[in-house]
Amino acid sequence: MTASEAANATDPTASAFPQWFAGSEYMHRVARAIAQYGPIARTTLAQLLGLSQGALSRITSDLIYAGVIEELPGDSVARGPLPQGFAPKDSGERRGRPQTALALRANARTFVGVKVHGTSAIAAAVNAHGEVVSDRHELTFADRSPQRVTDVVARLSDECRADVAARALPEPTAIGVAIGGHVRDDATVTFAPFLRWNQDVPLAAMVADAAGLPCTVYNDVDSLLLDASWFGPGVGLEAFAVVTIGVGIGYSLAVHGEPVDYPDKSYGLLGHVLVDPEGPRCASGHIGCAQCLTDASLANQYSQMIGRACTFDEFVADARAGRPQAEQLVDQTCFRLGALISMVANIAMPSRVMVAGESAFLAKMSIDAVRDGINRYRHSQAAPVRFTVVDHDWQLWAKAAASRAISRYIG
């Protein structure tokens, strides 16, 4: 246990969230760079961070001694992706000598991540590389009160801790909780529509007290974004955006691997951006806003098309069965999604957009319509918009909550 951890061991609250080691700003910068881009050669890392070989050698020696990173044979591991536009210069200083790569010690620490929905929560434990090292754990709850949610998160944490112990891995260091809504200071939920919370809830402190582990709380889309920026398709990109569709519409943007901070961004603001001037009216009275991509809106639109009430699942089943009205709505929805992606690309200018969420699979059902929607609102000479559609799994969102905790723990 480092001095930083020892100082915080007696106080499991979010305000005392531990760090892996006590060190200088440069020491933390080196550790974060290794976490994102490792395994990475020392010469490349020094160039990336603008450090001399001597300074970097001293810092990495301290990190190795502290048990944070390790040296791996350079010719036996796949190197991590490097930042976009960065080209390491060849150095002859070590030519002819065995090369090594630096990486975080994957199993030196574990973390618990929990994704909380409106009536259920799912959890997973991960190692320091953001890799899942536990079984899948899920609990449902009818009572959405803060105390009941806290109890559920604590129970899920206990189940993950049991898995970690059974695999002879270290006791989890902290818990990361992801929630749909607005979170202040990584600790207090101020608005969570799916939980019907519209008041301040000190969830991090409540979970820390119930589970006996430090806890931080994050917006779920921000967590997904950071996980992809550190351990997924967003690694190394100058700017990377996530758009989610499903029960709601989500959006977040990262620059150089870090989510762009904006006080009001967790209120679902992208959900009311115009995507089709002839689209349906949302509950707030907007015509053709991005709310037309939500499950409830799609169920309503399809019900009107076929002349009877139906659910979102029935619409999807009909689309997969090839029913013309359902296929038509899928195409229309994907075109509107493409328009939304194009708008994000035109304004935020990310290198890639990741489409996620429980209904992201719709994009794969009519990918050409998505591209048509993008091109409709994109200049003909502009570069094509790079986008990725990820398969939905709530465990990924739980893992993402743990990844946020990892990023804070490294400092």
Side-chain angles (χ1 to χ4, degrees), residues 2 4 19-111 126-133 170 225-240 254-258 351-352 386 388 399 402-411:
T2 68
S4 176
Q19 289 193 323
W20 197 333
F21 56 89
S24 67
E25 176 188 350
Y26 279 103
M27 196 170 175
H28 286 283
R29 283 182 59 198
V30 169
R32 289 176 72 87
I34 293 172
Q36 287 183 267
Y37 308 120
I40 185 172
R42 276 188 174 83
T43 53
T44 302
L45 185 60
Q47 293 172 31
L48 178 63
L49 298 177
L51 296 173
S52 68
Q53 288 291 335
L56 183 72
S57 180
R58 289 190 293 273
I59 292 172
T60 54
S61 294
D62 288 343
L63 289 171
I64 290 171
Y65 179 77
V68 179
I69 66 173
E70 61 183 340
E71 288 184 305
L72 302 173
D75 57 358
S76 67
V77 295
R79 300 297 175 93
L82 295 173
Q84 188 176 7
F86 172 77
K89 299 176 182 178
D90 183 33
S91 172
E93 294 180 8
R94 297 179 59 86
R95 189 167 294 146
R97 299 174 63 185
Q99 293 291 306
T100 59
L102 299 171
L104 284 188
R105 292 183 58 214
N107 292 329
R109 296 290 187 274
T110 63
F111 304 81
V126 307
N127 62 17
H129 285 186
E131 300 164 335
V132 175
V133 293
L225 176 80
L226 185 133
D227 178 71
S229 297
W230 278 50
F231 306 116
V235 174
L237 298 183
E238 288 185 6
F240 176 70
V255 175
H256 300 301
E258 297 296 331
S351 304
R352 181 183 292 272
R386 299 169 60 203
T388 301
K399 162 181 142 51
S403 294
R404 284 298 301 263
I406 292 172
S407 71
R408 181 162 174 175
Y409 182 62
I410 293 174

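In this structure, R58 CZ and S52 OG are separated by 6.0 Å, a value rounded to the nearest 0.5 Å. Expressed to the nearest 0.5 Å, how far CD of Q36 lies from CG of L82 amounts to 11.5 Å. Separation of atoms OG1 (T44) and CG (L49) is listed at 11.0 Å; rounding is to 0.5 Å. For the atom pair CD (Q53) and OG1 (T43), the distance works out to 6.0 Å, reported to the nearest 0.5 Å. Between atom OH of residue Y37 and atom CG of residue L102 there is a gap of 15.5 Å, rounded to the nearest 0.5 Å.
Across every non-hydrogen atom of A101 and P39, the tightest pair is CB-CB, 3.7 Å. For the pair L226 and S403, the tightest heavy-atom approach, listed with the atom from each and the gap, is CD2-O, 3.7 Å. Minimum heavy-atom separation, F231 to A35: CE2-O, 4.1 Å. Here the closest non-hydrogen pair linking L48 and P83 is CD1-CG, 3.4 Å. For the residue pair W20 and G67, the shortest heavy atom distance occurs at CZ2-O, 3.7 Å. Between A103 and L72, the closest heavy-atom pair is CB-CD1, 3.9 Å.
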Margin query: Checking F240 against S229 for the side-chain contact (heavy atoms from CB on, under 4.5 Å) test, could you report, in this order, the C-alpha distance in whole Å, the side-chain angles of both residues, the deciding distance, and whether it holds?
Written below: CA-CA 7 Å; F240 176 70; S229 297; 3.7 Å; yes
Note to self: The test is side-chain contact (heavy atoms from CB on, under 4.5 Å); show your working for L51 and I59 and say whether it passes.
What the structure shows: CA-CA 10 Å; L51 296 173; I59 292 172; 4.3 Å; yes
Next item on the list: Tell me, with the steps shown, if W230 and E258 meet side-chain contact (heavy atoms from CB on, under 4.5 Å).
Entry: CA-CA 9 Å; W230 278 50; E258 297 296 331; 3.9 Å; yes
Next item on the list: Take V68 and R105 through the test side-chain contact (heavy atoms from CB on, under 4.5 Å) and record every step on the way to the result.
Entry: CA-CA 6 Å; V68 179; R105 292 183 58 214; over 6 Å; no
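Around CZ of F86, the count of heavy atoms belonging to other residues, nucleotides or ligands within 6.0 Å exceeds 12. For CZ of R32, the number of neighbouring non-hydrogen atoms (other residues, nucleotides, ligands) closer than 6.0 Å is greater than 12.
Without hydrogens or angle criteria, Q47 side chain to P88 main chain gives no donor-acceptor distance under 3.5 Å. Remark: side-chain polar atoms of R109 are not paired, donor with acceptor, to backbone N or O of P170 under 3.5 angstrom.
Using modelled atom types and a 3.5 Å distance limit, the side chains of R42 and S57 yield no donor-acceptor pair.
Aromatic ring pairs are classed by plane angle as parallel below 30°, tilted from 30° to 60° and perpendicular above 60°; the pair F21 and H28 is parallel.
When each of I410, L63, N127 is paired with L104, the side chain to side chain contact (heavy atoms under 4.5 Å, CB included) condition holds for I410 and for no other.
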